[in-house]
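This report concerns only the one structure given below.
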Number of protein chains: 2
Amino acid sequence: MLLYLPIVTIIMDGLYANLRLQVNDSIYLKNPESSDLGQRIISGSIELISEMGFESFTFKKLAKSIGSTEASVYRYFESKHKLLLYLTAWYWAWVQYRILFATANVPSAEERLMRALDVALGVHEVDIQFPHIDEQKLYHLVVAESSKAYLNKQVDEINDQGVYTSYKDLVELIGKIILEIQPEYKYPHMLVTTVIEGANHQHFFAEHLPRLTDVVCGEKGITKYYQNMVLTLIKAS
Amino acid sequence: MLLYLPIVTIIMDGLYANLRLQVNDSIYLKNPESSDLGQRIISGSIELISEMGFESFTFKKLAKSIGSTEASVYRYFESKHKLLLYLTAWYWAWVQYRILFATANVPSAEERLMRALDVALGVHEVDIQFPHIDEQKLYHLVVAESSKAYLNKQVDEINDQGVYTSYKDLVELIGKIILEIQPEYKYPHMLVTTVIEGANHQHFFAEHLPRLTDVVCGEKGITKYYQNMVLTLIKAS
DNA sequence: CAAATATAATAGCATTACTATCGCTTTTGT
DNA sequence: ACAAAAGCGATAGTAATGCTATTATATTTG
């Protein structure tokens with residue numbers, strides 16, 4: 001962290017603090033960032049869930065893999081569903097932070113939109129700021145499991161606690177850039193969620209159900225497809 | 001059934017048989033259409049899952065609600081996940097059948113595309129042909145639970161057994177109409193899955209997470225949005 | 001250095017997701 | 001018409017899951 005130039009450090013520290021706050025504290029019983037065990041719970045769960053899937057994942061297996069006990073994990077998260085909520089909320093807060101950083105001081109709204117989508121639509125490098133988090137595996141987890149964070153019967157309760165705020169804020173952020181380019185566009189939220197969820201699905205389909213997608217070139221092919229989609233739609237309106 | 005004109009009856013009988021065949025027989029141990037208990041399993045599970053969510057749903061609760069036993073239900077489906085696969089496969093086969101019917105003898109490809117999307121993007125009336133199935137509740141179930149049918153670690157195995165064929169065929173069918181209108185369009189499958197999954201999500205968001213969507217007018221508002229999206233994109237290419 | 005806090009270790013419990021067995025009834029092939 | 005087969009309900013049982021409780025031992029903090 002000390003290697004960065006002052007201005008960068010200041011911006012990053014500010015956002016880093018914000019990023020922590022973004023992960024709503026009603027998700028956890030004890031903040032996993034606050035201890036070594038907590039950080040092992042996060043890194044271990046990313047590893048295990050992305051490897052074996054959320055259904056097969058249990059706190060007992062997690063505890064074993066990080067050399068702790070089931071009861072200790074329960075002191076941080078009251079259920080494995082809450083832990084999934086934490087991981088996805090963290091991911092969207094992280095994406096939002098990177099978008100703010102990638103679009104700062106860029107005057108063209110269209111350029112900012114393309115950069116925001118580039119970050120929001122997947123395929124990430126590692127972020128040295130968070131050594132306990134493997135961003136590649138976390139993205140893989142988000143693709144396969146994140147919809148289970150809201151596709152359940154407790155969604156309204158959880159929503160009332162503000163747990164989905166980091167995702168909503170991200171959608172809002174990108175939606176606002178769209179409105180800068182085309183203030184007449186009526187459906188910015190629908191468009192943003194359609195392309196974010198769409199990109200997730202296409203990544204999954206490309207790996208498992210190729211007949212549901214099309215061959216696109218390069219690892220950013222899906223991103224390019226949806227960037228083009230957004231531009232075409234807002235300009236046609 | 002006897003009330004229909006001969007030509008209609010012939011077409012429907014043919015498609016009805018096809019529709020049964022579409023639900024891949026490796027999904028079930030015993031065909032639920034073949035007995036009264038089987039049909040009660042289907043109608044009871046649609047009722048229960050859409051009411052309490054897939055996670056809370058158990059074969060024990062289902063058995064109780066239809067006046068049977070857990071062991072008897074297991075004679076039809078080897079797991080609750082297989083039952084979910086059956087319900088979603090049935091749904092997509094039903095959508096495909098209705099698209100074939102709605103687009104038959106319509107010369108304009110654009111008109112056929114709009115009709116196909118109108119059927120594929122949700123909001124359905126009852127279909128008197130299937131008295132044991134409440135199509136409204138089934139659609140509600142598909143919106144909230146269908147992605148769990150493929151978002152799991154067994155997806156490749158299940159896919160090898162051909163279980164997702166009815167969804168793939170539906171995507172293929174609509175994709176082909178797109179190519180009739182615009183043979184140059186490179187990504188018909190991506191576009192079709194994007195709008196189908198997108199419409200599902202928007203229906204869910206409208207009910208539970210309104211900040212992730214936009215106010216659209218009328219019960220077909222979401223459908224109209226995506227119909228317009230598809231037309232705009234294929235014409236812009 | 002005492003008090004508070006964090007963690008590990010163990011036990012326990014209700015529920016879930018199945019499997020197995022048995023006997024009664026209905027269907028089916030001949 | 002009748003035996004064989006299949007379908008179903010009833011009951012029991014099992015390993016795993018999701019979670020709670022208790023106690024003892026470290027570790028941190030005031």
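Chain letters run A, B, ... following the sequence lines, proteins first, then strands; residues in each count from 1. All values below come from the heavy atoms of this structure, side chains included, with hydrogens, waters and symmetry mates left out.
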Original post:
Nearest-Å distance, CD (A:Q154) to P (D:dG18)?
Top reply: 14 Å

Subject >> Qualifying residues under side chain to side chain contact (heavy atoms under 4.5 Å, CB included), relative to B:S68, sequence neighbours excluded >> reply: B:L37, B:R40, B:I66, B:S72

**OP:** Take atom OH of A:Y74 and atom C1' of C:dA6, then tell me their distance rounded to the nearest Å.
**Re:** 19 Å

Original post:
If only side-chain N and O atoms of A:K80 are considered, is one of them under 4.0 Å from the OP1 or OP2 phosphate oxygen of D:dG18?
Top reply: yes

Original post:
Rounded to the Å, how far apart are B:K82 NZ and C:dC18 C1'?
Top reply: 14 Å

**OP:** Grab the CG-P distance between A:L84 and D:dG18 for me, whole Å please.
**Re:** 13 Å

Original post:
Contact class for A:F59 (heavy atom, under 4.0 Å): base, sugar-phosphate, or nothing?
Top reply: nothing

Original post:
Taking only residues two or more places apart in sequence, or in another chain, which ones meet A:I133 in a side chain to side chain contact (heavy atoms under 4.5 Å, CB included)?
Top reply: A:I42, A:I46, A:W90, A:F130, A:E135, A:L138

Original post:
Rounding to a whole Å, what distance do you find between B:K64:NZ and C:dT15:C1'?
Top reply: 15 Å

Subject >> Separation of C:dC18 P from B:K60 NZ (nearest whole Å) >> reply: 14 Å

Original post:
Considering residues at least two apart in sequence or located in another chain, which fulfil the salt bridge (Lys or Arg N to Asp or Glu O under 4.0 Å) criterion with A:K30?
Top reply: none

**OP:** Please report, rounded to the nearest Å, how far the P atom of C:dT5 is from the CG atom of A:L29.
**Re:** 16 Å

For nucleotides 6-11 of chain D, list the nitrogen or oxygen atoms of the protein found under 3.5 Å from its nitrogen or oxygen atoms, one pair per line.
unit_1: D:dG7; atom_1: OP1; unit_2: B:K30; atom_2: NZ; d: 3.1
unit_1: D:dC8; atom_1: OP1; unit_2: B:Y76; atom_2: OH; d: 3.2
unit_1: D:dC8; atom_1: OP2; unit_2: B:Y76; atom_2: OH; d: 2.8
unit_1: D:dG9; atom_1: OP2; unit_2: B:S68; atom_2: OG; d: 2.5
unit_1: D:dG9; atom_1: OP2; unit_2: B:S72; atom_2: OG; d: 3.0
unit_1: D:dG9; atom_1: O6; unit_2: B:R75; atom_2: NH2; d: 2.8

Subject >> Below 4.0 Å: OP1/OP2 of C:dT15 and any side-chain N or O of B:K61 >> reply: no

Original post:
Given atom CZ of A:F77 and atom C1' of D:dG18, what is their separation to the nearest angstrom?
Top reply: 16 Å

Original post:
For B:E47, which residues count as a salt bridge (Lys or Arg N to Asp or Glu O under 4.0 Å) partner, sequence neighbours excluded?
Top reply: B:K137

**OP:** Test A:I174 against every option in A:V119, A:V95, A:L117 by the side-chain contact (heavy atoms from CB on, under 4.5 Å) rule and name the one that passes.
**Re:** A:L117

Subject >> Qualifying residues under side chain to side chain contact (heavy atoms under 4.5 Å, CB included), relative to A:E78, sequence neighbours excluded >> reply: A:L29, A:K82

Subject >> Residue list, side chain to side chain contact (heavy atoms under 4.5 Å, CB included) with A:D214, at least two apart or on another chain >> reply: B:Y187, B:P188, B:H189, B:M190

Subject >> Within residues 49-74 of chain A or reaching into it, pairs that qualify as salt bridge (Lys or Arg N to Asp or Glu O under 4.0 Å) - sequence neighbours excluded >> reply: A:E55-A:K148

**OP:** Determine to 10° how strongly the helix from C:dC1-D:dG30 to C:dT30-D:dA1 is bent, judged from the axes of its five-pair ends.
**Re:** 30°

Subject >> Contact list for DNA chain D against residues 41-57 of chain B - heavy-atom distance below 4.0 Å >> reply: none

Solution key, residues 202-210 of chain A side-chain donor-acceptor pairs under 3.5 Å, sequence neighbours excluded:
unit_1: A:Q202; atom_1: OE1; unit_2: A:T213; atom_2: OG1; d: 2.8
unit_1: A:Q202; atom_1: NE2; unit_2: B:T193; atom_2: OG1; d: 2.9
unit_1: A:H203; atom_1: ND1; unit_2: A:Y139; atom_2: OH; d: 2.8
unit_1: A:H203; atom_1: ND1; unit_2: A:A199; atom_2: O; d: 3.0
unit_1: A:H208; atom_1: ND1; unit_2: B:D156; atom_2: OD1; d: 2.8
unit_1: A:H208; atom_1: ND1; unit_2: B:D156; atom_2: OD2; d: 3.3

**OP:** For B:Q129 and B:Y97, test the side chains for any donor-to-acceptor distance below 3.5 angstrom and give the result as yes or no.
**Re:** yes

**OP:** Write out all pairs satisfying ring-ring contact (aromatic ring centres under 6.0 Å, His included) with one or both partners inside residues 60-85 of chain A, taking only residues at least two apart or from two chains.
**Re:** A:F59-A:Y74, A:F77-A:Y86

